[in-house]
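In what follows, a structure is listed as structure tokens, so that the remarks can point back to it.
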Amino acid sequence: MLIFKHHLNSFCVSIFTYFFLYCLSYFLPEFMQKYGVLNNRINLGFLAQTKAKAVVDGMTETNLGLNFIGNFHKLSPFEAQIFQNSGLVHLLAISGGQILPVVSLLCFVISSIVYFLFKNKLPPHKIMLISSKIRNYTSFLLSFFVAVLFGGTGALMRVSWLNFFKKVHVLLGIQNVIFKRTAEFSEPLLDKFLILFIVSFLFGNIFLNYSFILSAIGAACAEISATICLFIVKQNKQNSSILDNFVRAKFFAEILVTIATCVFVGVVLSPLTYNSIANSCLANIFAIPVITFIVTPLALLVLITPIHNCVFDFLLKALDYSLMLFKHIAVAFSGDNLNNAQVLQNTRLFSPDGLLYLNMVMIILWGVIDLIRGRKVFLMRMQFYK
């Protein structure tokens with residue numbers, strides 16, 4: 001009973017804290033709400049947009065090319081409708097989930113180079129420490145560079161700054177002081193509140209940024225789905241000889257997480273779409289690998305490769321074909337309810353009511369995640385007091 005009461009209090013405190021941040025962010029000056037303090041000073045988005053305008057004229061998927069190369073939001077009403085109805089609109093937000101695999105691969109390469117250079121010169125624990133620091137700073141710098149290259153979008157800033165500010169000692173000190181006073185203010189809650197306030201101040205109101213909101217909802221659904229699915233796999237592994245092999249169990253868990261995340265996102269977006277949850281789930285299962293492992297790496301390569309390079313035309317064509325595939329998936333799962341009246345009217349997702357709905361869903365999901373993360377800490381504290 002005590003544990004249930006604590007979890008209920010903790011969840012309510014999280015929801016109230018995020019709602020307070022939501023209200024507080026609207027008191028920022030108008031120019032700061034749109035762009036923030038730092039985004040006007042450090043923004044390489046014009047470089048990406050200039051290149052996007054120069055190279056997409058010959059592409060079949062011009063609008064999608066502008067979106068993924070230069071972060072232009074110029075979809076036609078029909079395109080906006082099919083991505084909304086298929087439940088794939090959240091994949092149009094250039095987010096950390098798409099950039100993370102690329103950054104992780106580069107960090108792995110750098111860590112491997114460090115290991116081979118120092119494996120015979122330093123003790124293993126020092127090599128691990130150096131490699132960890134290099135990986136942390138490299139991931140931050142790379143993600144920050146990509147973020148400013150795409151115009152400081154809220155989704156990418158969430159990845160860069162959430163990962164970086166967790167290691168700032170001043171913020172850790174503030175958290176420790178507050179955390180000692182009450183168990184309801186969990187460490188994840190304080191992490192997120194402080195960092196999101198800083199991000200809103202520096203880069204604009206996150207609650208008005210569709211890129212951030214859609215990305216945050218997708219990430220939250222993935223984390224909750226992973227927690228549930230990994231628990232199921234762990235239980236099956238203990239009770240069944242079929243999953244004794246750890247590799248097979250992990251592979252099975254990844255499949256479960258992917259499917260569960262697609263279903264979760266489909267359920268969350270279903271009140272704002274005309275499509276079925278089953279169609280949305282299948283569309284995400286097919287589209288997520290295309291966006292993460294094909295479209296995003298090709299878009300980054302197109303950005304950093306000179307136009308007159310011999311491989312540039314090949315990269316641009318490959319990107320165009322991958323975007324065509326992404327669009328065909330959206331069309332295939334958008335349903336048969338696309339009449340002219342629906343296409344021409346404003347989509348519910350991008351209306352004021354849709355924005356409010358997405359914000360409230362995001363706040364509730366954050367509260368659930370804080371509850372999951374803070375549960376272990378609370379149980380450990382209770383054991384310590386005993």
Side-chain angles (χ1 to χ4, degrees), residues 39 43-76 79-80 82-83 86 88-109 138-139 141-160 209-212 214-215 218-219 283-284 286-331:
N39 198 25
N43 190 337
L44 301 179
F46 69 93
L47 296 176
Q49 292 182 351
T50 301
K51 188 159 191 178
K53 291 178 181 178
V55 301
V56 300
D57 290 338
M59 294 178 64
T60 303
E61 294 301 333
T62 303
N63 289 340
L64 288 178
L66 287 171
N67 185 78
F68 283 96
I69 300 175
N71 196 31
F72 283 102
H73 304 288
K74 292 189 176 181
L75 297 182
S76 67
E79 289 171 330
I82 63 171
F83 284 114
S86 60
L88 299 180
V89 68
H90 66 104
L91 294 179
L92 295 173
I94 302 170
S95 66
Q98 301 166 19
I99 303 299
L100 187 60
V102 179
V103 174
S104 298
L105 178 61
L106 291 175
C107 290
F108 172 76
V109 172
T138 301
S139 62
L141 291 174
L142 287 174
S143 56
F144 181 77
F145 171 73
V146 173
V148 296
L149 190 62
F150 282 105
T153 64
L156 290 168
M157 288 304 167
R158 176 182 61 83
V159 177
S160 302
N209 190 313
Y210 275 102
S211 176
F212 173 85
L214 293 172
S215 161
N284 276 275
F286 285 109
I288 286 175
V290 174
I291 290 295
T292 302
F293 300 110
I294 302 177
V295 172
T296 302
L298 286 173
L300 290 174
L301 288 173
V302 167
L303 272 174
I304 64 177
T305 303
I307 295 179
H308 302 294
N309 191 285
C310 58
V311 299
F312 180 79
D313 290 337
F314 169 78
L315 293 174
L316 195 61
K317 287 182 180 179
L319 175 62
D320 199 13
Y321 288 138
S322 63
L323 291 174
M324 289 172 60
L325 176 60
F326 176 48
K327 187 173 180 178
H328 285 319
I329 294 172
V331 172

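Counting begins at 1 with the first residue of the sequence. In what follows, every heavy atom counts, from backbone to side chain, and hydrogens, waters and symmetry copies are set aside.
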For Thr60, all residues meeting side-chain contact (heavy atoms from CB on, under 4.5 Å), sequence neighbours excluded: Asp320, Met324
Closest non-hydrogen atoms of Ala330 and Ser86, given as atom of the first, atom of the second and distance, are O-CB, 3.4 Å
Within this structure, what is the CG-CD1 distance for the pair Leu325 and Ile329, rounded to the nearest 0.5 Å? 4.5 Å
Is a side-chain N or O of Asn67 found less than 3.5 angstrom from the main chain of Leu75, in a donor-acceptor match? no
Tell me every residue that passes salt bridge (charged side-chain N to carboxylate O under 4.0 Å, His left out) with Lys51, counting only those two or more places apart in sequence or in another chain. none
Shortest non-hydrogen contact between Leu91 and Phe68, atoms and distance: O-CZ, 3.8 Å
Non-hydrogen atoms of Asn284 and Pro289 that approach each other most closely: O-CD, 4.2 Å
Donor-acceptor pairs are to be reported for all side-chain atoms of residues 297-310 against protein atoms at under 3.5 Å, with residues two or more places apart or in another chain.
unit_1: Thr305; atom_1: OG1; unit_2: Leu301; atom_2: O; d: 2.5
unit_1: Asn309; atom_1: OD1; unit_2: Val311; atom_2: N; d: 3.0

Student check: side-chain heavy atoms of Leu64 and Leu92 closer than 4.5 Å: yes
Contacts satisfying salt bridge (charged side-chain N to carboxylate O under 4.0 Å, His left out) that involve residues 57-76 (not counting sequence neighbours) are Glu61-Lys327
Sequence neighbours excluded, the answer for ring pair (Phe, Tyr, Trp, His ring centres under 6.0 Å) partners of Phe326 is Phe83
Between Ser76 and Asn63, what is the shortest heavy-atom contact and its length? N-ND2, 3.8 Å
Is the closest side-chain heavy-atom distance between Ile69 and Leu319 below 4.5 Å? yes
Check this for me: Phe286, atom CZ, are more than 12 non-hydrogen atoms of other residues, nucleotides or ligands nearer than 6.0 Å? no
